J.: 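Below is a structure I'd like to ask you about.
On a predicted model such as this, the values are computed, not experimentally measured, just so you know. Numbers restart at 1 for each chain; the letters A, B, ... are given by sequence-line order, proteins then strands.
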There are 2 protein chains.
Amino acid sequence: MKTQKISEAVVRRLPIYLRFLNELAMKNIMTVSSQDLGQKLDLNPAQIRKDLAYFGEFGKKGIGYDVSYLIEKIRQILKLDRHIQVALVGAGNLGRALCNYNTYLRNDMKIVAVFDAMPGKAGESINNLTVQPMHEMKQTITKLGVRIGIITVPAVEAQNVANQFVECGIEAILNFAPVIIKVPADVRVHHADFTTELQSLAYYLD
Amino acid sequence: MKTQKISEAVVRRLPIYLRFLNELAMKNIMTVSSQDLGQKLDLNPAQIRKDLAYFGEFGKKGIGYDVSYLIEKIRQILKLDRHIQVALVGAGNLGRALCNYNTYLRNDMKIVAVFDAMPGKAGESINNLTVQPMHEMKQTITKLGVRIGIITVPAVEAQNVANQFVECGIEAILNFAPVIIKVPADVRVHHADFTTELQSLAYYLD
DNA sequence: TAGATTGTTAATCGATTAACAATC
DNA sequence: TAGATTGTTAATCGATTAACAATC
C-alpha cells in the first residue's frame, strides 16, 4: 500500500516473478498459486504472498493468482507500464552486449542513446544506435527524456561518468564498473559487477 | 573461524573489501581502519570489523589493518590464492565481453575455455581462446581442471547448459541468462541477470 | 459442501549496529 | 601516557517463515 517502505529484497524479487509469469502467459496458463511460484523460483510461498500483499490483494482465496492480471499489476508497481528511456556510456564489448538486449526488454525499457569518450568510437553504430561523443550527452538525455543510466566504462572513469549522469538529471544508475560510485542520496545506484560476483563464487568451492 | 556458517551477505562483501584494498596497495597506503573502509564503501565500520572477525584477528587495536596482510588473508578466504579455472558457454556478445575481463582478473581466476552450440561459432577466436563445440566440453573441462562455469546463452538453453556443467563435475555456476536454473544442492549457483537488475531500478523512479 | 489457497498475524530467524573493554 | 581502533557482546532492527482464519 506504499505507505510503509518496501524493502529492497522485495523489489528485487518482483522482476523475477514477472519474468516467470510472462513464461506462464506464453504457455496460456491462466492461474498460478504461490505454491507453484515458490517451487519454480526456489522461494517460500509465504514470502511470495507477503511480497505481493504489500501492494494490494491480487489473488483469490482458494484459487490463486490470475496470471495476466498479476503481470499487469507487477508491471505497474515496477513502473514498467510506461516507456522508460535508458542511456549507456561505454561502447566497449560489454556495452555492445547490453545494447543487444534491447529487443529482449520488450517495450518497457529501452536503451535509446550510447556515448563513449574515445574519439574513435563516436559515429560507430550499435544495433540501430549511433555512438555519440560525451559532449552531446546533456542535450540528448534532455531531448529523449532519459531517466536511467548504465555505466560500462573502465573503473577509473566510472565516477566521472556518474557525475555527468547526475549533472544531466539521471534518476538511477546501473554500474557495471568494478568500483563503488558516489552520488547524491536521491539518485539510486545498483551495482552489477561481474568480477566480485565471480570472486564470491570461489568461496564456495571445497 | 569457519565452524559457524558464514552468511552469504558477508561473503559478497569480501570481494569488495579486496578490491578497495588493492587500490590502496597500489597507492602505497600501508594501513587502513574500518572507519576509512566504511566511508569509502558505504558500509558500517562495525559490520566490516565483524565480517573480518569471522575469519580471524587481522587488525591491530589502535592501529587498524595492514593493507597487504589483509589482502593476503581475504584472498585465502576466498580461495583466490590458488588458480581457479573457469569455462564459459555462449560465445555471443556478452560471452565475448566477459572473456575480455580475463586480464582484469589478475592471476586468480581465468576463463580458460569457451564453448558454443552453434556450429558456425566453433573455431572462432576470442582473446587467445578458440571457441569449441559443445561435445568437447567434458574432455576439456576435465583436462584443464575447470571448477566454475559461466552461462551466457539464451534463456531457453540455460538449464540445458547447466545440466551439462553438472555432468562435467563443475562446482559452481554464474548464470547470466534470465531464468532460474536448477542444479543439485552441492553445486552453487549465482544469478547475474542484467534485465531483472534494470527492472528493479525502475521501481525507484519517482 | 470439501478442498484449496489467499492475506495476515505472530513467531522465528538472521543480520546490522551500537557500545565498550582491551590494547596498540 | 593519551588517542585511536580493534574484537566482541548485547541491543536493535528487519526479513523470512509458520500458522490459520477467511473465503473462493
J.: Starting at CD1 of I63(A) and ending at P of dA22(D), how long is that distance when rounded to a whole Å?
T.: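 Computing the I63(A):CD1 to dA22(D):P distance gives 19 Å.
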J.: With a 6.0 Å cut-off (strictly less than), is the heavy-atom count around CD of Q139(A), excluding the residue itself, greater than 12?
T.: no
J.: Among residues 9-18 of chain A, which ones have heavy-atom contacts with DNA chain C below 4.0 Å?
T.: none
J.: Only pairs with both distances under 3.5 Å count, Watson-Crick or wobble alike; so what is the partner of dT12(C) in this structure?
T.: dA15(D)
J.: Output the rounded distance in Å from CG (D36(A)) to P (dA4(C)).
T.: 13 Å
J.: Would you call D66(A) and K60(A) a salt bridge, using N to O less than 4.0 angstrom?
T.: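 Answer for the salt bridge query: no.
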J.: With a 3.5 Å distance limit and no angle check, can you tell me whether T196(B) reaches the backbone of I16(A) through a side-chain donor-acceptor pair?
T.: no
J.: Distance check needed: dT6(D) P versus Q35(B) CD, whole Å only.
T.: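 Distance check: Q35(B) CD to dT6(D) P gives 8 Å.
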J.: Find which nucleotide of DNA chain D each of K60(A) and L43(A) is nearest to by heavy atoms, and output the residue with the more 5' nucleotide.
T.: L43(A)
J.: Is the Lys NZ or Arg CZ of K79(A) less than 6.0 Å from the centre of Y203(B)'s six-membered ring, within 45° of the axis?
T.: yes
J.: So if I take every side-chain heavy atom of N44(B) and compare against dG7(C), dA18(D), dT17(C), which nucleotide ends up nearest?
T.: dT17(C)
J.: Taking any strand in view, what nucleotide pairs with dA21(D) in a Watson-Crick or G-U wobble way, both distances under 3.5 Å?
T.: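 Looking at the geometry, dA21(D) pairs with dT6(C).
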J.: Report yes if the distance between the aromatic ring centroids of Y101(A) and F194(B) is under 6.0 Å, otherwise no.
T.: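 Here the rings of F194(B) and Y101(A) have centres that are less than 6.0 Å from each other.
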J.: Which nucleotide in the list dT17(C), dT6(D), dT6(C) gets nearest to the side chain of S33(A)?
T.: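 Per side-chain heavy atoms of S33(A), the pick is dT6(C).
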J.: Where each residue is assigned the nucleotide of DNA chain D containing its nearest heavy atom, which of K50(A) and G62(A) is assigned the position nearer the 5′ end?
T.: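 Nearest-nucleotide comparison on DNA chain D picks K50(A).
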